[in-house]
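Report on one structure; see the data block that follows.
Order of appearance sets the numbers: ligands from 1, and atoms from 1 within every ligand. Heavy-atom basis, side chains included; hydrogens, waters and symmetry copies ignored. This one's a predicted model, so the numbers in the text were calculated from it and none came from an experiment.
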Amino acid sequence: MHLRHRTAAVLLAAALVLLLWARRLSGFAGRNRVSPEIFNSTLGFQQIFAINLPSRTDRRDALTLAAAVSGLNITFIDGVAGADVLDKTVPGDPAARPGFTVGNKGSWRAHMNVLQRILETNLETALILEDDADWDIRLPFQLQQFALAAQAFTHPSAHTRQTLAKFHHGVNLPVANLPPLPHHQPHASPYGPAWDLLWLGHCGTDFPLPDSNLSSLRVTIPQDSTVPSRQHLRPHPFALLDKLGEEYPPHTRVVHAPRGAVCTQAYAVSRRGAGKLLWRFGLREVTGGWDLMVRDWCDGVFHGGGAGEGEDGNGRGGGESLGGEERLPVCVTVQPPLFSHHYGKGGGSDIVPAGGGFLKGEREMTPYVRKSVRLNLERLVDGREAVEQWGGDEE
Ligand SMILES: *[C@@H]1O[C@H](CO)[C@@H](O)[C@H](O)[C@H]1NC(C)=O
Ligand SMILES: *[C@@H]1O[C@H](CO)[C@@H](O)[C@H](O)[C@H]1NC(C)=O
Ligand SMILES: *[C@@H]1O[C@H](CO)[C@@H](O)[C@H](O)[C@H]1NC(C)=O
């Protein structure tokens, strides 16, 4: 009897040790988990919108097909021709926006219409694409890593974010070393509960300067085989190479707060972010092209605010005020970007893409995207595997 008790106790202890050990092991595989909903047809957002001028049927055909072969459900929003926008509907001083073109005007209106739709239909999150956006066929896997990294920026507790930023100030934190973050509320977005804008497709961004109000935390995703090698890290074929390639080992992706980002091929907004953007650029003032305004907004140009940390702020300054001063929005970006502008053979842009029309007659390409969906459409509709656009150049 006595012996049996001892055996049972030993077995119990052994089981306990095994259990703890297994939990620890599984912890190493990713203590911070992200929801498998990132693999759903809207990539873990509530809806995906794409802006497209109805007259550009060529682009709608191509994007519809790209979405279909990627298993994505995209909702088209009609683009707006600048000529159809009444000048009196554009807020702010026209003198404050030199170089604001008719194309910019139409683009501004289209983005306002998407933000309006998000609020009107009560969406918590939405991804917004321009109709020439391209992505890697492995996008959901990339987004899963991005979401893990982004949680360091989108956590609802200012204290948690500040602690992370303080201990890793200007230091690279590999995503696997992200300390376990306290759980957030159920039903939160897989990208975290407290963010305004996720800048997933751009044509260049800098890292925040130390000692600015922007978070200087950088969360790295090392050895990401979907990141092109250094010689392909640039926003168009004639651009200078990105500094990312000099600063990091090959195939590193870095998640950070944007600074000076340009181009809005793809960005996600939360309901909160959509409201702030519609207020700022729908009601208050239009100062330039859409991407430049989003850049300034994320950079904190419109944030003059008082000191103090709101729990709802972003851990990098900001406070309440009734005047024209806003809290810094929580923007998160990634280098190299996960969406990029596709340079196709077709009819060119209605605004002007980065790099201008330089690719007329050249071969098709998409910067930053190795297994491009657009470049593989023929194979993908045929049920074949996607191939790398830079084939032999990649290690
Ligand atoms: C995908 O996941 C998100 C996040 O949970 C959810 O809001 C959305 O409704 C899902 N989309 C679909 C099509 O189920
Ligand atoms: C996309 O989602 C809508 C509802 O949100 C649904 O009616 C439609 O069938 C979906 N399309 C595809 C291709 O899954
Ligand atoms: C940081 O934000 C505060 C207001 O919260 C502002 O007064 C200060 O100038 C900002 N600092 C920098 C470096 O932008």
Side-chain angles (χ1 to χ4, degrees), residues 30 32-52 54 57-79 110 113-131 133-156 175 181-201 255 266-277 330-332 334 338-339 373-374 376-377 380-383 386:
N32 295 302
R33 285 165 210 287
V34 292
S35 154
E37 289 188 302
I38 285 182
F39 286 85
N40 75 16
S41 64
T42 49
L43 298 168
F45 300 103
Q46 240 178 317
Q47 204 159 351
I48 304 179
F49 293 108
I51 297 174
N52 164 262
T57 52
D58 52 337
R59 290 177 164 221
R60 197 170 290 210
D61 288 344
L63 186 56
T64 302
L65 199 52
V69 297
S70 309
L72 301 184
N73 189 334
I74 287 184
T75 308
F76 282 99
I77 296 254
D78 285 348
N113 288 351
V114 182
L115 299 174
Q116 208 185 73
R117 172 85 81 92
I118 290 167
L119 296 175
E120 223 172 53
T121 54
N122 244 335
L123 297 180
E124 284 305 322
T125 61
L127 175 65
I128 302 165
L129 304 179
E130 293 183 350
D131 62 358
D134 193 6
W135 55 87
D136 194 291
I137 191 72
R138 297 160 291 186
L139 178 63
F141 297 93
Q142 297 174 318
L143 282 172
Q144 197 180 32
Q145 290 299 305
F146 169 80
L148 270 176
Q151 289 180 9
F153 302 87
T154 63
H155 197 273
V175 66
L181 299 173
H183 282 297
H184 18 79
Q185 55 266 49
H187 312 303
S189 156
Y191 299 91
W195 51 274
D196 292 296
L197 188 141
L198 307 177
W199 204 324
L200 300 172
V255 174
Y267 63 98
V269 289
S270 64
R271 183 179 174 71
R272 184 179 91 183
K276 292 182 190 178
L277 283 167
V330 178
C331 300
V332 186
V334 54
L338 299 179
F339 291 84
V373 167
R374 303 281 189 142
N376 278 290
L377 278 179
L380 292 168
V381 291
D382 210 25

Could you check ligand 2 for N or O atoms lying under 3.5 Å from protein N or O atoms and list the pairs with distances?
from     : atom 1 : to  : atom 2 : distance (Å)
ligand 2 : 2 (O)  : N73 : ND2    : 2.2
ligand 2 : 11 (N) : N73 : ND2    : 2.9
ligand 2 : 14 (O) : N73 : ND2    : 3.4

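With rounding to the nearest 0.5 angstrom, the CD atom of Q142 is 10.5 Å from the CG atom of L200.
Between Y191 and F45, some side-chain heavy-atom pair lies under the 4.5 Å cut-off.
A salt bridge links D196 to K276: one of the charged nitrogens lies within less than 4.0 Å of a carboxylate oxygen.
The backbone N or O of P190 lies less than 3.5 Å from no partner atom in the side chain of S35, so there is not a single donor-acceptor pair. Looking only at distances, a side-chain donor or acceptor of S270 sits under 3.5 Å from a matching main-chain atom of W195. Proximity of a side-chain donor or acceptor of Q46 to a complementary backbone N or O of E124 within less than 3.5 Å is detected.
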